2 protein chains.
Amino acid sequence: MTSRLEALCLEKGLKMTGQRRVISQVLSEADDHPDVEEVHRRAVVIDPRISIATVYRTMRLLEDAQVIEKVDLGDGRARYEEASTDHHHHLIDTRNGRIIEFASPELEALKERIARELGYRIVGHRLEIYGIPLGADGNDDADEPVDKGVPV
Amino acid sequence: MTSRLEALCLEKGLKMTGQRRVISQVLSEADDHPDVEEVHRRAVVIDPRISIATVYRTMRLLEDAQVIEKVDLGDGRARYEEASTDHHHHLIDTRNGRIIEFASPELEALKERIARELGYRIVGHRLEIYGIPLGADGNDDADEPVDKGVPV
DNA sequence: GGTATGTTTGCGAACGATTTGCATTATGAT
DNA sequence: ATCATAATGCAAATCGTTCGCAAACATACC
C-alpha cells in the first residue's frame, strides 16, 4: 500500500525506488523525531538491504523536496519530522528527551516585531525550550514513551 | 596584564597555565562569536605553541566553569561568547553571517507562559532568528564587519 | 517483454568537528 | 628546589555525514 509520504513524493515527481518507498513508509508511520540512524533501524526491519548511505541520501532528497523538515535540537545529529505549513517549536523534556511540539501565534507576532525593530525581515527562525515537568524536581526517568508530541 | 576572563578564571580557582592565559585574553578581546578554530588562530598569534586540542579542552573547561557559553548557531560548529546573566538571543543575517544580539523581556515572559501551559518549568531555551535587512532583496555581501553585535 | 540510458544503490573510504590516549612538560603546593 | 598532580602536544580515534565508484535499478522506447 502507498504511504502518505510516498504519495507526496510521487506528486513531486520523485523516482520511487524500493528503498525510497520503505523510508517513506517509515517516516509516514513515525510520530516522533527520528534521526537518520533511527530511520535506518526501522527501515531495515522492513527491508534489510537498505544502507545507511541511502537513508542519508533519501532524507536529503525528501528535505529538498520539502516532504520532510530537518530539526536541529542541539544534540549533534539531524532529526526529522514531516513538513508542515504551520510554524511550531519544540519543548524538550530534559529528563527523558521527550519532545513536545507547540505553536504560538503571539510568539510569531513578537518575533516578527523584534526582527522589524532590528531592521530585518525574517527568513527563518527556531525556538527550543528545555524544561522539566512542573512539580518534578529530581531526575525521574518517567516510564512514558519518549517524544509522543502533541498536536500543534 | 591580566585579562577579564583570566581574572574570572582565577576567582573560580582554575589553574592558570600559559595557554589558558592566552586563550582567556583572546576571548576577552573578542566581541564576536568565534569558533574553536578561530580562537586557536588568534591564540597562535600571541603564542605559537598552543595546540588546537588545548583550545578545545580549555573551551570546555571555561564553559563548565561558566566563564563562557557555547552558542549553537546551526552551522555545525560550536561558537562561544562570554557568559552573561541576561538572556539574549541571536538574529543571524543570512547574507553574511553577521550576528546581532537582542533581548526581549516580552519574549521571556511569553516563553515562561508557554512552558507553564504545557506543564513545564523552563531550564533553558534558545531562539534564533534568521533574516535579511529590510529593503535588501538580493544577496548583497555588505562590506561591513561580520558579527559586530549590539549591546543587549 | 526486451533493451538502452540515466539514476540510484551499497560499499568503503573520506570528511570535518571534536575527543582521547599517552608520553612529556609545566604548575602550584611544600 | 622538589614533587605530585594536572595540563599539553601529538597523532590516532570517534561521530555524524558525505562521496567516489562499480554494480543494480527504473523508466522511456522498441
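Since the model is a prediction, treat every value here as computed from it, not as a measurement. Letters A, B, ... mirror the listed sequences (proteins, then strands); counts begin at 1.
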Expected output: side-chain Arg98(B) to main-chain Asp93(B) donor-acceptor under 3.5 Å: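 It does not hold such a pair.
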Can you measure [X] atom [atom1] to [N] atom [atom2] for me and round it to whole angstrom units?
X: Leu14(B); N: dT8(D); atom1: CG; atom2: P; value: 11 Å
X: Gln19(B); N: dT27(C); atom1: CD; atom2: P; value: 7 Å
X: Arg79(A); N: dC15(D); atom1: CZ; atom2: C1'; value: 15 Å
X: Met59(A); N: dT17(D); atom1: CE; atom2: P; value: 10 Å
X: Ile50(B); N: dC10(D); atom1: CD1; atom2: P; value: 12 Å
X: Ile23(B); N: dA7(D); atom1: CD1; atom2: P; value: 13 Å
X: His40(A); N: dC11(C); atom1: NE2; atom2: P; value: 9 Å
X: Glu63(B); N: dT18(C); atom1: CD; atom2: P; value: 11 Å

Consider the side chain of [X], meaning its heavy atoms from C-beta on, and name the nucleotide among [options] that approaches it most closely.
X: Arg57(B); options: dT17(D), dA11(D), dT8(D); value: dT8(D)
X: Ala53(A); options: dC10(D), dA17(C), dC19(D); value: dC19(D)
X: Lys15(B); options: dC19(D), dT27(C), dT8(D); value: dT27(C)

Within the 4.0 Å heavy-atom criterion, would you say Arg20(A) contacts the bases, only the backbone, or no part of the nucleic acid?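 The residue Arg20(A) makes sugar-phosphate contact but no base contact.
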Sugar-phosphate, base or nothing in reach of Ile52(A), heavy atoms under 4.0 Å: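 Ile52(A): no heavy atom of the nucleic acid under 4.0 Å.
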Kindly give the heavy-atom pair with the smallest separation between Ile52(B) and His40(B), and that separation in Å.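 Closest approach of Ile52(B) to His40(B): N-NE2, 3.5 Å.
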So, OP1 or OP2 of [N]: does either fall under 4.0 Å of a side-chain N or O from [X]?
X: Thr17(B); N: dT8(D); result: yes
X: Arg60(A); N: dC19(D); result: yes
X: Tyr56(A); N: dT18(D); result: no

For Leu61(A) and Arg77(B), find the nucleotide of DNA chain C closest to each by heavy atoms; which residue's nucleotide sits nearer the 5' end?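 Final value for this comparison: Leu61(A).
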Both Val36(B) and Thr54(A) contact DNA chain C. Taking the nearest nucleotide for each, which residue is further toward the 5' end?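 With Val36(B) and Thr54(A) compared, the 5'-side residue is Thr54(A).
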Could you walk me through whether Val36(B) and Arg77(B) pass side chain to side chain contact (heavy atoms under 4.5 Å, CB included), step by step? CA-CA 8 Å; Val36(B) 173; Arg77(B) 68 214 120 142; over 6 Å; no
Quick one: list whatever passes side chain to side chain contact (heavy atoms under 4.5 Å, CB included) with Gln25(A), sequence neighbours left out.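 Result, side chain to side chain contact (heavy atoms under 4.5 Å, CB included) vs Gln25(A): Ser3(A), Glu29(A), Ile46(A).
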Identify which one of Ile68(B), Thr58(B), Leu5(B), Asp47(B) satisfies the side-chain contact (heavy atoms from CB on, under 4.5 Å) criterion when paired with Ile23(B).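 Of the listed residues Ile68(B), Thr58(B), Leu5(B), Asp47(B), the side-chain contact (heavy atoms from CB on, under 4.5 Å) partner of Ile23(B) is Thr58(B).
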